[in-house]
Amino acid sequence: MTDGADNYRRFLGGDKEAITEIVEAYRAGLEYFLLSVTGDEYIAEELTQDTFVYLFIKKPKYRNVASFKTWLYTIGKHKAYKYMKKRSKCVPLEMNSPLFSEDIRTLEEKYFSDEQKLNVLDAMGKLKGEYREILWLTYFEELSNKECAEIMQKNVHSIEVLVSRARKSLKKLLQEEGYTYENQQ
């Protein structure tokens with residue numbers, strides 16, 4: 001698989017297949033990230049499509065300041081915040097709310113077949129939105145603190161503190177629910 005930035009340059013140069021490769025490479029991850037932001041599967045899916053349509057129609061400049069993935073996720077997050085602001089829902093929905101339907105559970109189970117990841121994901125759904133976001137970006141998307149800082153519009157030190165607090169909250173929640181893990185290091 002080629003780099004997303006290379007595909008985007010090809011697309012801007014007229015290769016329409018390149019946008020298809022970008023969508024195939026980043027759709028699932030972007031959709032799950034936007035689910036962690038919005039708490040709603042259908043809104044996340046719609047915002048993911050909006051993000052790719054924006055790339056296709058507006059062709060924004062990619063300045064190679066951050067990784068392509070970071071740049072793309074930042075566009076998606078801005079779309080999500082704009083949508084939530086427009087809908088007067090400035091706080092993301094809790095993932096354990098009634099709006100977090102069985103369809104989402106089925107979708108998650110396909111993506112996270114490992115039982116341990118499902119336990120962690122369920123517990124993450126009970127954390128506050130900012131903690132859920134940073135844990136998703138750090139551990140599921142495997143982004144660096146610098147990339148997370150760019151997406152979340154914070155400085156790197158704030159991200160380090162946020163990751164630490166989110167991990168502590170997640171660990172405490174998992175322990176309260178009786179989940180135990182073995183530290184392998």
Side-chain angles (χ1 to χ4, degrees), residues 1-113 117-118 121-122 124-125 129-130 132-143 147-153:
M1 181 175 89
T2 61
D3 179 75
D6 291 338
N7 284 337
Y8 192 62
R9 279 190 286 280
R10 283 183 28 230
F11 166 68
L12 293 175
D15 183 355
K16 300 297 181 199
E17 284 299 311
I19 195 73
T20 303
E21 292 175 23
I22 291 170
V23 171
E24 288 173 357
Y26 296 99
R27 184 196 56 77
L30 179 60
E31 190 171 321
Y32 279 101
F33 169 65
L34 292 174
L35 174 61
S36 78
V37 174
T38 64
D40 185 293
E41 171 193 14
Y42 301 106
I43 292 172
E45 183 177 342
E46 182 179 321
L47 291 170
T48 299
Q49 291 172 4
D50 288 350
T51 302
F52 290 120
V53 167
Y54 175 77
L55 289 183
F56 187 78
I57 303 294
K58 297 289 186 178
K59 298 177 176 92
K61 288 187 180 184
Y62 171 63
R63 291 182 174 81
N64 216 13
V65 175
S67 74
F68 182 81
K69 184 178 189 176
T70 300
W71 178 72
L72 181 66
Y73 280 39
T74 301
I75 292 171
K77 182 172 181 169
H78 285 298
K79 291 204 162 290
Y81 282 172
K82 185 177 179 180
Y83 174 86
M84 292 185 321
K85 184 176 181 181
K86 189 176 181 181
R87 294 290 211 189
S88 299
K89 293 180 184 175
C90 296
V91 178
L93 296 173
E94 291 301 318
M95 291 178 78
N96 57 353
S97 74
L99 295 175
F100 192 64
S101 68
E102 291 302 315
D103 292 340
I104 296 172
R105 294 271 181 223
T106 303
L107 187 60
E108 287 171 352
E109 287 168 8
K110 288 178 189 170
Y111 193 75
F112 301 103
S113 58
K117 286 183 180 176
L118 282 172
L121 184 66
D122 283 340
M124 281 176 56
E130 195 171 54
R132 201 169 47 236
E133 269 182 61
I134 193 61
L135 291 174
W136 179 269
L137 291 172
T138 302
Y139 295 107
F140 290 95
E141 293 297 330
E142 298 177 351
L143 296 177
E147 291 170 318
C148 292
E150 290 174 26
I151 291 172
M152 296 184 76
Q153 297 180 328

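All values below come from the heavy atoms of this structure, side chains included, with hydrogens, waters and symmetry mates left out.
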Stepwise side chain to side chain contact (heavy atoms under 4.5 Å, CB included) test for Leu35 and Asp40: CA-CA 6 Å; Leu35 174 61; Asp40 185 293; 5.6 Å; no
Say you draw a straight line from [atom1] of [X] to [atom2] of [Y]; how long is it, rounded to the nearest 0.5 Å?
{"X": "Met84", "Y": "Ile43", "atom1": "CE", "atom2": "CD1", "result": "9.0 Å"}
{"X": "Leu34", "Y": "Glu133", "atom1": "CG", "atom2": "CD", "result": "9.5 Å"}
{"X": "Lys59", "Y": "Tyr54", "atom1": "NZ", "atom2": "OH", "result": "12.0 Å"}
{"X": "Ile75", "Y": "Lys58", "atom1": "CD1", "atom2": "NZ", "result": "12.5 Å"}
{"X": "Glu142", "Y": "Leu137", "atom1": "CD", "atom2": "CG", "result": "12.0 Å"}
{"X": "Thr20", "Y": "Phe56", "atom1": "OG1", "atom2": "CZ", "result": "8.5 Å"}

Short N-O contact, Glu21 and Arg10, less than 4.0 angstrom: yes
Is there side-chain contact between [X] and [Y], with heavy atoms separated by less than 4.5 Å?
{"X": "Glu17", "Y": "Asn7", "value": "no"}
{"X": "Leu72", "Y": "Tyr8", "value": "no"}
{"X": "Ile19", "Y": "Leu55", "value": "yes"}
{"X": "Arg27", "Y": "Glu45", "value": "no"}
{"X": "Cys148", "Y": "Tyr73", "value": "no"}

Full working for salt bridge (Lys or Arg N to Asp or Glu O under 4.0 Å) between Glu147 and Lys69: CA-CA 9 Å; Glu147 291 170 318; Lys69 184 178 189 176; over 6 Å; no
Would you say the ring centroid of Phe140 lies under 6.0 angstrom from that of Phe33? no
Flag the pair Phe68 / Tyr62 as yes when their ring centroid distance falls below 6.0 Å, and as no otherwise. yes
Got a sec: does the CZ of Arg9 have more than 12 other heavy atoms crowding it under 6.0 Å? yes
Should Thr74 and Trp71 be marked as a side chain to side chain contact (heavy atoms under 4.5 Å, CB included) after you check the CA-CA gap, both sets of side-chain angles, and the distance that decides it? CA-CA 5 Å; Thr74 301; Trp71 178 72; 5.8 Å; no
Looking only at the side chains, is there a donor atom on one of Ser67 and Thr70 sitting less than 3.5 Å from an acceptor on the other? yes
Residue pair Tyr81 / Lys77, side-chain donor-acceptor N/O under 3.5 Å: yes
Distance-minimising heavy-atom pair for Ser36 and Arg132: O-NE, 3.3 Å
If you look at every heavy atom in Leu30 and Gly76, which pair is closest and at what distance? CD1-CA, 4.4 Å
Any chance you could lay out the side chain to side chain contact (heavy atoms under 4.5 Å, CB included) test for Gln153 and His78, step after step, and finish with the verdict? CA-CA 10 Å; Gln153 297 180 328; His78 285 298; 2.9 Å; yes
